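Written out below as structure tokens is the structure these notes cover.
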Amino acid sequence: MDTRTPFPTTLYLGVDDMVRLVQRVGLPACIAGVAERIEADFRRWPEFDKSARLACHSADGVIELMPIADAERFTFKYVNGHPKNTRAGLPTVMAFGVLADVATGAPRLLSELTLTTAIRTAAMSATAARHLARPGSRVMALIGNGAQSEFQAIAFRDLVGIRELRLFDTDPAATAKLVANLAGLGLSVTVCASIREAVRGADIVTTVTADKANATILTPDLIAPGMHLNAVGGDCPGKTELHADVLRCGPVFVEYAPQSRIEGEVQQMPADFPVTEFWQVLTGQAPGRTSAEQVTVFDSVGFALEDYAALGFVYDTARALGLGRGIDLVPQAVDPKDLFGVLRGPVEALRIAA
């Protein structure tokens with residue numbers, strides 16, 4: 001009797017599979033589902049083996065690996081960030097990811113993560129805002145109207161209650177694209193001629209720009225009492241969106257401080273500049289917003305735990321819907337100690353060519 005564990009199958013989800021998944025479940029439900037998992041996983045923060053992502057930087061961008069694991073599942077994401085790509089017809093961000101069993105190391109899922117990253121980034125932003133923005137926030141300025149903007153708009157509409165968007169981008173075509181894509185989705189949209197106009201009267205300001213530069217999208221004179229700032233675009237060394245003095249306007253919240261101090265807005269600040277990790281707010285170990293007049297800053301760089309939550313949602317949902325296909329990602333040897341045997345065939349195939 002063969003008592004060996006059945007050989008694990010790796011589920012492959014390509015772009016077409018992910019599109020079908022989102023269309024069948026619905027984008028709002030996908031964002032909400034990922035957000036629910038993100039919050040649940042951040043609440044059990046101590047259970048994870050965490051590290052800052054491994055990054056290889058170049059003049060035009062960055063390529064990164066983002067690993068994390070708990071006692072049962074390991075995940076990693078490969079992701080790039082190349083702001084100039086759009087000039088060549090390529091996405092600024094491209095990603096794929098793997099989910100594996102910790103007990104055996106067997107890969108269970110190989111998935112596209114470009115669409116999924118857009119969903120999880122929006123889900124993270126809205127999850128943080130639910131705990132850090134003023135209750136009853138209804139107006140959001142959205143600075144940067146590129147590939148992430150629709151996802152942010154829908155996430156804040158559904159999870160936070162935003163009803164009015166004030167838009168600005170240096171590229172009018174990007175804003176026109178966003179306006180067209182949001183038509184009929186229950187949001188009042190105002191196109192603004194400047195950042196100053198866009199933030200006027202906003203409860204929440206989301207910055208999601210792509211340029212790899214130390215930019216000052218927001219300056220202290222633009223910040224009103226009670227605002228929540230959702231800074232998404234600054235995510236690698238030398239890439240920021242907020243003037244340093246904006247970070248002194250109120251408490252700054254981050255995902256994982258060792259990574260944020262390298263990549264986030266707080267890279268501009270001294271090493272002892274105080275920040276609060278978001279999981280501490282969720283578990284009651286640190287306060288979030290303490291008054292209606294307080295300015296709060298979420299310095300979001302994107303952390304591997306968010307991808308862990310997203311990959312888990314995608315894997316479980318795809319299996320429930322019967323999406324994707326099994327692939328042979330690992331050789332299946334009759335004797336696992338005889339990998340060479342997988343190559344066994346005609347002797348001629350193993351001989352040195354004459």
Side-chain angles (χ1 to χ4, degrees), residues 27-28 31 81 83 85-87 91-93 115 117-119 121-130 132-134 136-213 215-224 226-235 239-243 246 265 295-300 302:
L27 179 57
I31 292 173
N85 271 6
T86 53
R87 302 175 193 174
T92 298
V93 174
L115 283 166
T117 293
I119 290 170
T121 300
M124 183 70 236
S125 291
T127 298
R130 281 198 296 188
L132 300 175
R134 285 182 301 191
S137 293
R138 294 293 177 264
V139 181
M140 182 168 80
L142 187 48
I143 313 301
N145 301 160
Q148 173 65 204
S149 57
E150 289 87 355
F151 298 89
Q152 291 280 330
I154 291 170
F156 275 84
R157 180 197 66 183
D158 294 348
L159 302 184
V160 182
I162 291 298
R163 293 296 176 262
E164 179 183 346
L165 292 177
R166 300 176 62 79
L167 311 181
F168 177 78
D169 195 295
T170 56
D171 178 8
T175 302
K177 174 269 306 180
L178 176 57
V179 171
N181 285 340
L182 294 179
L185 297 187
L187 289 163
S188 172
V189 176
T190 301
V191 177
C192 301
S194 67
I195 295 172
R196 183 175 298 277
E197 180 185 350
V199 303
R200 190 178 300 129
D203 301 301
I204 297 171
V205 179
T206 289
T207 55
V208 58
T209 61
D211 285 345
K212 188 175 181 180
T216 51
I217 306 299
L218 295 180
T219 51
D221 58 300
L222 299 177
I223 310 304
M227 273 184 176
H228 171 64
L229 309 181
N230 176 42
V232 179
D235 57 6
K239 184 170 183 278
T240 57
E241 297 179 310
L242 309 184
H243 188 286
V246 170
E265 299 297 326
V295 173
T296 51
V297 180
F298 181 50
D299 180 7
S300 177

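For clarity, every value in this text was computed on a predicted model and none was experimentally measured.
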*asked:* Assess the residue pair Leu27 and Ile119 against the criterion (side chain to side chain contact (heavy atoms under 4.5 Å, CB included)); give the C-alpha distance rounded to whole Å, side-chain angles, the decisive distance to 0.1 Å, and a yes or no.
replied: CA-CA 8 Å; Leu27 179 57; Ile119 290 170; 3.9 Å; yes
*Do Thr296 and His228 pass the side-chain hydrogen bond (donor to acceptor under 3.5 Å, both in side chains) test, and can you show the C-alpha distance, the side-chain angles, and the key distance before you say yes or no?*
CA-CA 5 Å; Thr296 51; His228 171 64; 2.9 Å; yes
_Could you walk me through whether Thr117 and Gln148 satisfy the side chain to side chain contact (heavy atoms under 4.5 Å, CB included) test, starting with their C-alpha distance in whole Å, then the side-chain angles of each, then the deciding distance to 0.1 Å, before giving a yes or no?_
CA-CA 9 Å; Thr117 293; Gln148 173 65 204; over 6 Å; no
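Of all non-hydrogen atoms in Ala126 and Val160, the two that sit nearest each other are O-CG2, 3.7 Å. Contact record, Asn85 with Pro91: ND2-O, 2.9 Å, taken as the closest heavy-atom pair. Nearest approach of Thr209 to Gly144, heavy atoms of both residues: CG2-CA, 4.1 Å. Across all non-hydrogen atoms, the minimal contact from Leu242 to Glu265 is N-OE1, 2.9 Å. Closest approach of Ala129 and Phe156 over heavy atoms only: CB-CE2, 3.4 Å. For the residue pair Ala141 and Ala202, the shortest heavy atom distance occurs at N-CB, 3.8 Å.
Rounding to the nearest 0.5 Å gives a distance of 12.5 Å between CG of Leu142 and OG1 of Thr190. Atom CD1 in Ile195 sits 7.5 Å away from atom CG in Leu222 (nearest 0.5 Å). Distance check: Asp203 CG to Met140 CE gives 11.0 Å after rounding to the nearest 0.5 Å. If you take NE2 on His243 and CD1 on Ile217, they are separated by 12.5 Å, rounding to the nearest 0.5 Å. Distance check, rounded to the nearest 0.5 Å: CD1 of Ile31 to OG of Ser125 gives 10.5 Å. Note that CD of Glu150 and CG of Asn181 are 4.5 Å apart. Values are rounded to the nearest 0.5 Å.
Judged purely by atom type and a 3.5 angstrom limit, Ser194 uses its side chain to pair as donor or acceptor with the backbone of Glu197. Listed for the Ser149 side chain is a donor-acceptor partner under 3.5 Å among the backbone atoms of Gly146. Not one N or O on the side chain of Arg166 forms a donor-acceptor pair closer than 3.5 Å with the backbone of Gly201. Side-chain N or O atoms of Arg163 include none that pairs as donor or acceptor with a backbone N or O of Val139 at under 3.5 Å.
For the side chain to side chain donor-acceptor pair (under 3.5 Å) with Asn145, the lone residue among Asp169, Asp171, Thr175 that qualifies is Thr175. A side-chain contact (heavy atoms from CB on, under 4.5 Å) with Ile162 holds for exactly one of Asp158, Leu159, Leu165; it is Leu165. Applying side-chain contact (heavy atoms from CB on, under 4.5 Å) to Thr207 and the options Val199, Leu218, Val232 leaves one that passes, Leu218.
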